[in-house]
**Student:** 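The structure that follows is given in the form of structure tokens.
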Amino acid sequence: MIYPVIWQNDSVLLIDQTRLPDEYIVVEIHRSEDMAEAITTMIVRGAPSIGVAAAYGMYLGAREIETNDNQEFLTKLESVANLLRSTRPTAVNLFWAISQMMRTAYETVGTVVEIKQTLLETAAKINTDNFQTCQAIGDYGLAALPITPDQLIILTHCNAGALATGGYGTALGVARSAWKAGRLARLYADETRPRLQGAKLTAWECVQEGIPVTVITDNMAAHCMKQGLIDAVVVGADRIAANGDTANKIGTYSLAIVAKAHNIPFFVAAPLSTVDFQLTDGSQIPIEERHPEEIYQVGKTLITPPGVEFYNPAFDVTPADLITAIITENGAFPPGDLLLAKGKMSESRYPGLKDCAD
Ligand SMILES: CSC[C@@H](O)[C@@H](O)C(=O)COP(=O)(O)O
């Protein structure tokens with residue numbers, strides 16, 4: 001299994017996702033500032049992964065605070081939290097994980113040294129919990145997939161795999177579970193312009209595990225559906241509003257529209273920590289805009305003439321009515337029933353959900 005974020009020998013190891021699939025390079029992170037930079041530059045990316053990375057970033061920042069005074073410690077830790085919060089705006093898992101860490105710091109009764117130790121344990125738990133959560137999502141997702149045909153072809157967008165989570169993956173976790181159960185014939189992966197997470201990362205994960213994968217460019221999805229090549233679409237999410245509207249990688253919305261036009265089920269797979277119940281609908285989700293070089297430059301080659309303008313939103317919002325079901329660790333729910341999933345929260349691992357958009 002692939003683990004994108006690991007704690008080892010007093011530092012955090014990140015698989016550098018900007019270098020895959022050409023090179024497998026592991027980056028060592030010792031300071032919260034470097035973790036913030038790694039999240040911004042997408043060395044680590046994918047909603048749950050950046051939550052895990054931010055949690056460890058909080059610990060790295062905490063261990064540098066030199067004081068025995070609890071109040072002073074908490075004040076300085078707030079600054080670390082603010083730095084990490086400023087990295088990427090859309091994935092709510094980032095804010096959720098930072099809230100979990102701040103809550104731990106405030107609620108731990110003990111010395112500063114003891115609080116620091118508890119923070120490290122909390123970060124590790126967020127990481128391992130996410131792995132287990134993804135396995136549950138995989139199992140529920142497998143049960144939610146269409147019954148026929150027996151051998152399914154699933155289309156996915158971006159990378160919602162092990163690299164994007166504490167391991168296993170959300171959307172790719174569903175495909176992984178289907179593969180293990182003998183129900184997946186092949187995964188189709190949208191290349192996912194502009195950063196190509198599908199072509200580079202999803203395809204790489206599939207090759208690692210022997211899952212048959214076909215990469216298509218984003219504008220081929222409708223054609224493939226019309227040809228009857230796709231049985232279901234499964235994507236991840238960066239933030240889901242209470243009504244089920246879902247922000248995910250740019251291009252997800254158009255994929256949902258063409259899936260609906262072809263009567264193909266469209267699933268969102270995500271942990272409940274991705275649901276922001278404080279937002280009533282998707283119009284309130286902040287959408288990250290990234291540097292235009294992601295559009296005008298491929299490798300080191302400029303692909304557009306001088307004098308043109310660019311617009312580079314990294315995410316879009318798929319309205320709930322285009323989504324067949326949202327697959328969570330508590331089960332698969334029609335988007336309008338997300339509050340039912342929340343109702344099961346007391347049994348879940350996420351008692352801090354209400355803080356997720358702090
Ligand atoms: C399980 S990851 C779900 C989403 O975070 C994923 O689909 C996605 O959009 C990732 O965007 P990225 O910009 O690569 O961080």
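First listed ligand is number 1; within each ligand, the first listed atom is number 1.
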**Student:** Hey, which atoms in ligand 1 end up nearer than 4.0 Å to a heavy atom of K249?
**Tutor:**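 Near K249, meaning under 4.0 Å from one of its heavy atoms, ligand 1 has 9 (O), 11 (O), 12 (P), 13 (O).
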**Student:** Side chains of N219 and R193: any donor to acceptor distance under 3.5 Å?
**Tutor:**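 Their side chains do not contain a donor-acceptor pair, so the 3.5 Å distance test is not met.
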**Student:** Is it the case that the side chains of T41 and E37 hold a donor-acceptor pair, with the cut-off being a distance below 3.5 Å and no angle test?
**Tutor:**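 Checked: E37/T41 side chains show no N/O donor-acceptor pair below 3.5 Å.
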**Student:** Would you say D218 and H157 make side-chain contact, with heavy atoms under 4.5 Å?
**Tutor:**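 D218 vs H157: side chains touch.
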**Student:** What protein heavy atom is closest to atom 7 (O) of ligand 1, reported as residue, atom name and distance in Å?
**Tutor:**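 That would be N248 OD1, 2.6 Å.
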**Student:** Could you check whether any heavy atom of A237 sits closer than 4.0 Å to an atom of ligand 1, since that is the contact criterion I want to use?
**Tutor:**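 A237 counts as a contact of ligand 1 under the 4.0 Å cut-off.
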**Student:** Give yes if a backbone or side-chain nitrogen or oxygen of A47 is under 3.5 Å from a nitrogen or oxygen of ligand 1, and no if not.
**Tutor:**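 Yes, at least one N or O pair falls under 3.5 Å.
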**Student:** Heavy-atom contact check, 4.0 Å cutoff: does R88 meet ligand 1?
**Tutor:**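 Under 4.0 Å: yes for R88.
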**Student:** Which pairs count as ring pair (Phe, Tyr, Trp, His ring centres under 6.0 Å) when at least one residue sits in residues 48-77, sequence neighbours excluded?
**Tutor:**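 For residues 48-77, and leaving out neighbouring residues, the ring pair (Phe, Tyr, Trp, His ring centres under 6.0 Å) pairs sorted by first residue read W7-Y56, W7-Y59.
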**Student:** In terms of atom number and element, which parts of ligand 1 are under 4.0 angstrom from non-hydrogen atoms of T165?
**Tutor:**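 What qualifies from ligand 1 is 1 (C).
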**Student:** How far is atom 10 (C) of ligand 1 from the closest protein heavy atom, and which atom is that?
**Tutor:**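 For this ligand atom, the closest protein heavy atom is R45 NH2, 3.4 Å.
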**Student:** Under the criterion side chain to side chain donor-acceptor pair (under 3.5 Å), which of E205, Q197, K249 is the partner of N159?
**Tutor:**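 Of all the options given, the one that passes is E205.
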**Student:** What's the shortest distance from atom 8 (C) of ligand 1 to any protein heavy atom, and which residue and atom give it?
**Tutor:**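 The closest one turns out to be D238 OD1, 3.3 Å.
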**Student:** Just distances here: any N/O of F315 and N/O of ligand 1 closer than 3.5 Å?
**Tutor:**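 Min N/O separation from ligand 1 is not below 3.5 Å for F315.
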**Student:** If the cut-off is 4.0 Å to any non-hydrogen atom of P48, which atoms of ligand 1 fall inside it?
**Tutor:**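 Those qualifying, in numeric order: 1 (C), 2 (S).
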**Student:** Which heavy atom of the protein is the closest neighbour of atom 2 (S) of ligand 1, given with residue, atom name and distance?
**Tutor:**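 For this ligand atom, the closest protein heavy atom is A164 CB, 3.5 Å.
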**Student:** Without hydrogens or angle criteria, can the side chains of T328 and N330 be said to hold a donor-acceptor pair below 3.5 Å?
**Tutor:**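 No, no side-chain donor-acceptor pair sits under 3.5 Å.
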**Student:** Within ligand 1, which atoms have a heavy atom of A160 less than 4.0 Å away?
**Tutor:**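 Checking each atom against A160, I get 1 (C), 2 (S).
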**Student:** Is atom CG of N68 surrounded by more than 12 heavy atoms (other residues, nucleotides or ligands) closer than 6.0 Å?
**Tutor:**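 Not buried by this count: 12 neighbours or fewer within 6.0 Å.
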**Student:** Check ligand 1 against M42 and write out every atom of the ligand that is under 4.0 Å from a heavy-atom position of the residue.
**Tutor:**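 Those qualifying, in numeric order: 12 (P), 13 (O), 14 (O).
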**Student:** Any nitrogen or oxygen of H157, side chain or backbone, less than 3.5 Å from one on ligand 1?
**Tutor:**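 Between H157 and ligand 1, no N or O pair is found under 3.5 Å apart.
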**Student:** Does any N or O in the side chain of R239 come within less than 3.5 Å of the main-chain N or O of T90, such that one atom is a donor and the other an acceptor?
**Tutor:**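 Yes; judged by distance alone, with no hydrogens or angles, the pair exists.
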**Student:** Do any nitrogen or oxygen atoms of Q197 come within less than 3.5 Å of a nitrogen or oxygen of ligand 1?
**Tutor:**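 Looking only at distances, the answer is yes, because the N/O contact criterion of under 3.5 Å is met.
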**Student:** Classify the angle between the aromatic ring planes of F310 and Y296 as parallel (below 30°), tilted (30 to 60°) or perpendicular (above 60°).
**Tutor:**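 F310 vs Y296 ring planes: tilted.
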**Student:** When you compare the side chains of T192 and D190, does any donor N or O come within less than 3.5 Å of an acceptor on the partner?
**Tutor:**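 No - no donor-acceptor pair under 3.5 Å links their side chains.
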**Student:** Looking at atom 1 (C) of ligand 1, what's its closest protein heavy atom, distance included?
**Tutor:**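 Protein heavy atom with the smallest distance to atom 1 (C) of ligand 1: T170 OG1, 3.1 Å.
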